[in-house]
Amino acid sequence: MLIYFFPDVCPAVRCAEQIIDLTEIRGVAGLKFTDYNLYDLATIKETGTVLFNGRDEVLAAGLLMGADGGIGTFYNLVPGLFVELYDLACGNEWQRARAVQRKINELIRITLKFPLFPAMKQMLGWAGIDCSPCLVPRRALTGDEKRQLQAALSQSSFERDSFANALVK
């Protein structure tokens, strides 16, 4: 089992010491760390815990601070970019890793202007992966939101056709 530390959703666990206590429970294989406090990430990693960075927008920094890898939402859209970032980090090519992180963050900034999961499903659909609509209480994007998302992507380095190709890689 992996512990999922995400203080924005479950603020009961507040400090590295509490997280370390949870990782020591028999049967716990590691931790998904979804927070921006990379000092705590590094402190936890020093215990030998298998640790995955959970904030897509700071994967490069999480890897630099000791994360073993990452688990995140945007990996579904551009897995090739995340693999490239990971490989660059493993090769200590941090300047190039930061450049890939900036490209990923461009997509994240565009997407977060819309309801997250409906936007993700829409982009996966454009890439040929039909995920069906979100379940209630979430909703699908409106027609206007779809057009706005498509326009934002077409004005970015994630132009719609290249976006579908980036997903497949």
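For reference, positions follow the sequence shown, starting with 1. The figures that follow rest on heavy atoms only: side chains count, while hydrogens, waters and symmetry mates do not.
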K.L.:
Do V78 and Y75 sit in the same hydrophobic cluster, where Ile, Leu, Val, Met, Phe, Trp and Tyr count as joined when their side-chain heavy atoms come under 4.5 Å apart?
P.N.:
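As far as the 4.5 Å side-chain criterion goes, Y75 and V78 are connected within one cluster.
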K.L.:
Using every non-hydrogen atom in the two residues, find where V50 and A29 come nearest and quote the distance to one decimal.
P.N.:
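For V50 versus A29, the nearest heavy atoms are CB-O, 3.5 Å.
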K.L.:
If you link ILVMFWY side chains whenever their heavy atoms are less than 4.5 Å apart, which other residues fall into the same cluster as L31? By chain and number, please.
P.N.:
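Taking Ile, Leu, Val, Met, Phe, Trp and Tyr as members, L31 shares its hydrophobic cluster with M1, I3, F5, V13, I19, I20, L22, I25, V28, F33, L38, L41, I44, L51, M65.
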K.L.:
Short question: side chain of N105, backbone of E57 - any donor-acceptor pair under 3.5 Å?
P.N.:
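Flag set: sc N105 to bb E57 pair under 3.5 Å.
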K.L.:
Same cluster or not: are I129 and L153 linked, directly or through other Ile, Leu, Val, Met, Phe, Trp or Tyr residues, by side-chain heavy atoms under 4.5 angstrom apart?
P.N.:
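Looking at the clustering, L153 is in the same group as I129.
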K.L.:
Kindly say whether C15 contributes a backbone atom to a donor-acceptor pair with the side chain of Q18 at under 3.5 angstrom?
P.N.:
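Yes, the answer is positive, given that a donor and an acceptor are paired below the 3.5 Å cut-off.
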K.L.:
For V100, is there any backbone N or O sitting under 3.5 Å from a side-chain donor or acceptor partner on E84?
P.N.:
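No, because the side chain of E84 does not come within donor-acceptor range (under 3.5 Å) of the backbone of V100.
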K.L.:
Short question: side chain of D40, backbone of N37 - any donor-acceptor pair under 3.5 Å?
P.N.:
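No, D40 side chain to N37 backbone: no donor-acceptor pair under 3.5 Å.
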K.L.:
If you round to the nearest 0.5 Å, how far is CG of L88 from CD of Q95?
P.N.:
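Interatomic distance, Q95 CD to L88 CG, rounded to 0.5 Å: 11.0 Å.
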K.L.:
Treating E145 as the side-chain partner and T142 as the backbone partner, does any N or O pair qualify as donor plus acceptor under 3.5 Å?
P.N.:
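Flag set: sc E145 to bb T142 pair under 3.5 Å.
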K.L.:
Inspect the surroundings of CZ in R138 and state if more than 12 heavy atoms from other residues, nucleotides or ligands are less than 6.0 Å away.
P.N.:
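For R138, atom CZ is not crowded (no more than 12 foreign heavy atoms under 6.0 Å).
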K.L.:
Rounded to the nearest 0.5 Å, what's the gap from CZ on R98 to CG on L64? Could you check?
P.N.:
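The distance works out to 9.0 Å.
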K.L.:
Under 4.0 Å between a side-chain nitrogen and a carboxylate oxygen: does that hold for R14 and D35?
P.N.:
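Looking at R14 and D35, the cut-off is not met.
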K.L.:
Do you know which two heavy atoms are closest between K45 and D68, and how far apart they sit?
P.N.:
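What the structure gives for the nearest pair is NZ-OD2, 2.7 Å.
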K.L.:
Decide yes or no for L59 and F52: does some side-chain heavy atom of the first lie under 4.5 Å from some side-chain heavy atom of the second?
P.N.:
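Not touching, per the 4.5 Å side-chain cut-off.
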K.L.:
Just list the side-chain donor-acceptor pairs under 3.5 Å for residues 107-125, sequence neighbours left out, or say none.
P.N.:
residue: T111; atom: OG1; partner: L107; partner atom: O; Å: 2.8
residue: K121; atom: NZ; partner: C131; partner atom: O; Å: 3.0
residue: K121; atom: NZ; partner: S132; partner atom: O; Å: 3.1

K.L.:
If you look at every heavy atom in S157 and K103, which pair is closest and at what distance?
P.N.:
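Residues S157 and K103, closest heavy atoms: OG-NZ, 3.0 Å.
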K.L.:
Test of understanding: clusters of I, L, V, M, F, W, Y form through side-chain heavy atoms closer than 4.5 Å, transitively. Do F158 and L85 belong to the same one?
P.N.:
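Same cluster.
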K.L.:
Above 12 or not: heavy atoms from other molecules or residues under 6.0 Å from OH of Y86?
P.N.:
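Not buried by this count: 12 neighbours or fewer within 6.0 Å.
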K.L.:
Verify the cluster assignment for I104 and L77: are they in a single hydrophobic cluster under the rule of side-chain heavy atoms below 4.5 Å apart?
P.N.:
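Linked within one cluster.
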K.L.:
Taking all atoms of both residues into account, what is the closest heavy-atom pair of R55 and N53, and its distance?
P.N.:
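Heavy-atom minimum between the residues: O-ND2, 2.8 Å.
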K.L.:
Give, for atom CG of L63 and atom CG of N92, the distance between the pair rounded to the nearest 0.5 Å.
P.N.:
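Separation between the atoms: 11.0 Å.
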K.L.:
Give a yes or no on whether W94 and V58 share a hydrophobic cluster (residues Ile, Leu, Val, Met, Phe, Trp, Tyr; joining criterion: side-chain heavy atoms under 4.5 Å apart).
P.N.:
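Shared cluster, no.
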